Each structure stands twice: as structure tokens, then as C-alpha cells.
Amino acid sequence: MIKVGHNLKFDIKVLYKYDIDVVEPLYDTMVAHYLINPDMRHNLDTLSESYLNYTPISIESLIGKKGKNQKSMRDIPIEEVTNYASEDADLSFQLKQIFDEGLKSNGVKQIFDDIEIPMIKVLSDMEKEGINIDSKYLNKLDIEFEKELNTLKKEIFNQSGEEFNLNSPKQLGNILFDKLKLVSKPKKTKTGQYSTSEEVLSNLANNHEIIRSILEWRSLDKLQNTYVRSLPNEVSDKTNKIHTRFNQTVTTTGRLSSNNPNLQNIPIRTKNGQKIRKAFIPRNSKFELMAADYSQIELRVIASISKDENMIDAFIKNQDIHTMTASKIYNVDPDEVTREQRGNAKTVNFGIIYGVSAFGLSQQTNLTRSESKLMIDNYFENYPGLKTYMSSQIDYARNKGYVETIMGRRRYLQNINSQNGMLRSGAERNAINAPIQGSAADIIKIAMIRIHNEFQKQSLKSKMLLQVHDELVFDVHNSEKELVKKIVKTTMESAVKLDVPLRIDLEFGKNWLEAH
DNA sequence: GAAGTCACG
DNA sequence: ACGTACGTGACTTCA
């Protein structure tokens, strides 16, 4: 019997608490509408108004306005709740009839049936599983960070000659640019305030000692507030684990997002950041964490869909793509590519995925704008297939009004024919980026569904816990290490057939940092 | 609630 | 000539 609902993942998780396992087939109208138009809002009230011309009973009329006086559903007479809940079910059922048509006419029925609907149970299971963290360790880290922050704060106030609120960009801007007059023409934000962003401050690092201290204080303060102090508060009393929520209908490209807390932006790039990653641990001593991430998935996707022979060749030969790119654009032997050349090539490769501009590239490198332009021209001469592909994407978007991923997921581009040049070029960058980012999302979702199925089929103790766009994190029982490794590696690498191989890196560890 | 900033892919 | 990298979520300040 098919279960129709709006945001079924929520219902599934509630019912799970009462030991009720909701079995497929499922039909989720929130997910359906996300595929029909990912850019729009997908809440039931809005959809009901725009598709059914009906304004539902508001939740606020039942339990009151948001705030501390808001009642709970428990406090409401059963008759009222019944009325509200049945309307909810009815609306979702009515929307189904409409979205059935929409899914078909938009060509997204298959991705709905084969990817997004199966993902609901995969994500429900990941969320209810949760991940273990070492709160004691984080509390120790808090003390360590606190000491360092105090030292830095004293230095900063000494150097600025007065105390102020370091968290206030406004006050900081006044100190740096009015009082200390670090530059004659400070960069402003769009509201006219002095910009004190990391990007601006880094460029001033040699102008005054205070800058280094501020940058260090900023990054440490961020880590302390967002992770070290917050994560322990997110641990569930019932399970002793952190249960993030994976949003399936938020991004415009098909990626997931994660919140409450966000576990897709746990630090890794800095030394201090890595200390935080160490706090993510297996559930007990019989388990280890295992992380498996796709290597260069977005570049492999663009190589394959653009059919560019040079880029395909590099991936088939399993060469370092950034080194190969540097070798081509600087016209030197791969062995003679310098660190700087490889670094620049890497930036261009990323730029390609985002829809490069000479300006953007010059911002990200130490190249001038004209050097950047030469670099890009040179790039396209060496990867001519990419240039052709990119213009064909833009043409396609202009004609059809949307672009699509390898699995047919669409993104509509309202501004692709706009008279406003800025809006138009923004849409053009989306026309290039969305199919790449979105295809990578399709691929990892397919892998997740198959891995989840296989784990269930074999009744494994090991569990999939997290997805971070191109990475999956597992809690693996010691007795299943080899088996799980094989299932995950094979499934991820064979999720789809491209013109280039898909490769993954996979490691075990006693924490998330070690598994990376 | 918007703006600014910064953590991640 | 003009403003620009793609996609997110969380925290703090300030009007």
C-alpha cells in the first residue's frame, strides 16, 4: 500500500520512536515538487495555495504564535488536532494527482522513483543512527582555545590602544581604518561599511602586527563558538549521539544540506580545525570510522559530459589532473611543473566548474586580470571540448529555459535571456555549474541507495552515518571491515558509467580525522 | 531580520 | 562599461 505524505522522512522518524517501520512504496509531495522546480519553496501551505487555491488551517491558529507562549500539539483538544491532521493528509493526497503530471511532463519521474524516493529511507536511517562524539575531549579543547583567545585579545587591545568588541565588524573597521589608518582607501561592503573580511585583512597582514592577531583570533573564536562549545549541546540525551538532519529539498542543484547541527562543514583545513574533527568517534571500541570520498568527481563529470579528449585521457591514465593541466597551459613537461604552476592550474580547474571569469581567477591567484585572461584562453585551447560544451550548455538553457544533470534533474534559469548583463551572466554560470554539481549529487545518491540496500540485505552491524557531498562516513564493526570496504568501494565506483573511471579514496580510523 | 563573516564541498 | 567565481548553514552584531 503506497503511503502519500509531505515530508515523509519526518513521519518515518516519529513512527520509528514507536517501533513502527514504514515500508515502501512511498510518495512524498515535498520531494516531488523539489524535482518539478527546485528553486521554489516546498512547504505544504504555499503549495496548497498555489496549486489547490486553498489556504489550510494555520498551525498558529491551533497552538499560537511562535515564542515562549506557544503551546504544544499535546495541549490541543483531539478534535482540533484531528481536523488539522486530516486536512494535512488530504492536501498532500490532492497534490499528488497534480504532481504526477508535473513529474512526467518535466521528465523527472525516473529520478523521483529511482533516486529521491529511495533516498528518504536512507536518510531517515542515517539521521536516527547518529554519530558519537567525545564531549570530554571537546571540553578540554575549549579550555585550550580559551587561553589562546585571551592571549590574542590582550595583544590586539595593546596594539589598538583601546578595548572594543572584536566580534563587531563595525567597531573593528573603525579601529583599523579610522584610528590606525592602515590604508588610504579601505574596501567597503555593499552597505558602505568598512569590509574586514578575511580576504581584505590577509592583504593587509604586512601593514600592521595587529592584523595577524586579529585573523588568528577570528578563526579560533569561530571554531570555539560554532563547534567546540556547540556540538556537545547537540548530543541527544536518549542516544548519546548527534543526530543531524539531512535536507533533501533545499539546494538548487540536487545536493543535500545538513542542519541542527550542520555536519557537512566540520573543520579540516587548519591545524586547530583538525583537532575538532578528532572529536568524531566510533560508537564503541568494537567499531572504527571509515571515510570514502570520490576523487575529483566534478572534474570527472565535466570531462565525461563534455567529451573533451584531453581531459578524458588524463583521467583514464590516472594522471594528476592539476599537474597535467599545468603542463599543458604552461607548456612544460609534467615533471617540471612547479608548485605554483600546479596551484594556479588547480584554481583554473575549479574555476571552470564555477564558470570562470578573468576577474574571478585573478582574485583567487596572484595573477593579474590580463594574465588570468591569457590563462583561460590557453586552457580552452588545450581542452577545446570544454569550451564547446560550455557554450552549448548556455545555448541549451537559452532555448529550453533549463539545464539538466546526467540523470535528468533540472534547474530552471529564469534570467538566462535577461537584458540585465549581471543577471544574465549569473544564469550562464549556473547553466555550467548546475549540471556538474548536480550530476555529482546524483552519483553519490545512487551509491548511497545501493550501499544502504546491501547493508540491509546482509544485516550488517556497520552503518552509514554521514554524507558530505563527495564523501560518505561509516561506523564499521571490526568483524566487517573488509566486507564493508569492498561493498562501499565497488558500489561508489560503479554507481554510474561515465567516459572516465570513478575513483574513491577510503580509510579507517579511530576518529574522523584519522579516517581521512 | 538583515548584514557580515566564515566553516565545509 | 560593469560587477563576478558554484552550492550550503551557523554565529554575532545591530537597527
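The structure displayed is predicted, hence computed values, not measured ones. Just the heavy atoms: all of them, side chains too, but no hydrogens, waters or symmetry mates, feed the values below. Each chain gets a letter, A, B and so on, in the order the sequences are listed, and its residues count up from 1.
We find that A:K9 and A:E127 are joined by a salt bridge, their nearest charged nitrogen and carboxylate oxygen being less than 4.0 Å apart. A salt bridge links A:R409 to A:E116: one of the charged nitrogens lies within less than 4.0 Å of a carboxylate oxygen. The pair A:E162-A:K179 meets the salt-bridge criterion, with a side-chain N (NZ, NE, NH1 or NH2) lying under 4.0 Å from an Asp/Glu carboxylate O. Taking a cutoff of 4.0 Å between a charged side-chain nitrogen and a carboxylate oxygen, A:R218 and A:D221 do not qualify as a salt bridge.
The 5' end of DNA chain C is approached more closely, in terms of each residue's nearest nucleotide, by A:T253 than by the other of A:T253 and A:P261. Between A:R255 and A:K170, the residue anchored nearer the 5' end of DNA chain C, judged by the nucleotide with its closest heavy atom, is A:R255.
The partner of B:dG9, taking Watson-Crick or G-U wobble pairs whose two distances both stay under 3.5 Å, is C:dC6.
Residue A:Q364 is in base contact, counting any heavy-atom pair closer than 4.0 Å across all strands shown. If you check every strand for non-hydrogen atoms under 4.0 Å, A:N265 touches a base. If you check every strand for non-hydrogen atoms under 4.0 Å, A:S362 touches nothing. Across all strands, A:G351 comes closer than 4.0 Å to base atoms (heavy-atom distances). Looking at heavy-atom distances under 4.0 Å, A:T251 makes contact with sugar-phosphate atoms alone, never a base. Within 4.0 Å (heavy atoms only), A:I432 reaches no atom of the nucleic acid at all. Residue-level contact check: A:N247 touches the backbone only, with heavy atoms under 4.0 Å from sugar-phosphate atoms and none from bases. When heavy atoms are screened at a 4.0 angstrom cut-off, A:V468 is found touching the sugar-phosphate backbone but no base atom.
Applying the 4.0 Å criterion to OP1 and OP2 of B:dT5, one finds that A:S195 has a side-chain N or O inside that range. Taking only side-chain nitrogens and oxygens, A:N430 comes nearer than 4.0 Å to OP1 or OP2 of C:dG7. Within the structure, a side-chain polar atom (N or O) of A:S168 is placed less than 4.0 Å from OP1 or OP2 of C:dC14. Close to C:dT13, at under 4.0 Å from its OP1 or OP2, lies a side-chain N or O of A:N165. Regarding contacts with the backbone of C:dG3, every side-chain N or O of A:S357 stays at 4.0 angstrom or more from both OP1 and OP2. Phosphate proximity of C:dC6 to A:R429: present, with a side-chain N or O under 4.0 Å from OP1 or OP2. Checking the phosphate oxygens (OP1, OP2) of C:dA5, no side-chain nitrogen or oxygen of A:N433 falls inside 4.0 Å.
B:dG4 and C:dT4 have their P atoms separated by 13 Å, given to the nearest Å.
Taking atom CZ of residue A:R424 and atom P of nucleotide C:dG3, one finds them 15 Å apart after rounding to whole Å. The distance from atom CD of A:E216 to atom C1' of B:dC6 is 16 Å, rounded to the nearest whole Å. At whole-Å resolution of the value, CG in A:D221 and P in B:dC6 are 11 Å apart. Following rounding to the nearest Å, A:L513 (CG) and B:dC8 (P) show an atom-to-atom distance of 12 Å. What separates CD1 of A:I266 from C1' of C:dC11 is a distance of 14 Å, to the nearest Å. What separates OH of A:Y354 from P of C:dG3 is a distance of 24 Å, to the nearest Å. For the pair A:K188 NZ and B:dT5 P, the computed distance is 13 Å after rounding to whole Å. Taking atom CD1 on A:I175 and atom P on C:dT13, their separation rounds to 16 Å, with Å as the unit.
Candidate nucleotides C:dT12, C:dG3, C:dA10 were compared by shortest atom distance to the side chain of A:M422, and C:dG3 ranks first. Among B:dT5, C:dC6, C:dC14, the nucleotide with an atom closest to any side-chain atom of A:Q171 is C:dC14. Set against B:dA7, B:dT5, C:dG7, the side chain of A:Q437 has C:dG7 as its closest nucleotide. Closest approach to the A:R411 side chain among C:dA10, B:dG4, C:dG7 is made by C:dG7 (side chain taken as heavy atoms from C-beta onward). Closest to the side chain of A:S425, from the set B:dC8, C:dG3, C:dT12, is C:dG3. Closest contact between the side chain of A:D470 and the listed nucleotides B:dC6, B:dG9, C:dT13 involves B:dG9. Here the nucleotide nearest the side chain of A:E198, chosen from C:dT12, B:dC6, C:dC6, is B:dC6. With distances taken from any side-chain atom of A:N225 to the nucleotides B:dG4, B:dC8, C:dC11, the minimum falls on C:dC11. You'll find that the side chain of A:H469 is closest to B:dG9, out of B:dG9, B:dC6, C:dT4. Comparing B:dC8, B:dG4, C:dG9 by their nearest atom to the side chain of A:T191 picks out B:dG4.
For A:A440, the side-chain contact (heavy atoms from CB on, under 4.5 Å) partners two or more places apart in sequence, or in a different chain, are A:I297, A:E298. Residues forming a side-chain hydrogen bond (donor to acceptor under 3.5 Å, both in side chains) with A:E216 (at least two apart in sequence, or on another chain): none.
In this structure, a donor-acceptor pair under 3.5 Å is present between the side chains of A:T325 and A:N349. Checked by atom type, the side-chain pair A:D142/A:Q224 shows a donor-acceptor distance below 3.5 Å.
Side chain A:R269 to base B:dG9: a donor-acceptor pair is found below 3.5 Å. For A:R369 and C:dT4, a side-chain-to-base donor-acceptor distance below 3.5 Å is present, hydrogens and geometry of angles not being considered. Scanning atom types as modelled, no donor and acceptor separated by under 3.5 angstrom connect the side chain of A:S257 and the base of C:dT8. Residue-to-nucleotide contacts include no donor-acceptor pair under 3.5 Å from the side chain of A:Q264 to the base of B:dC8.
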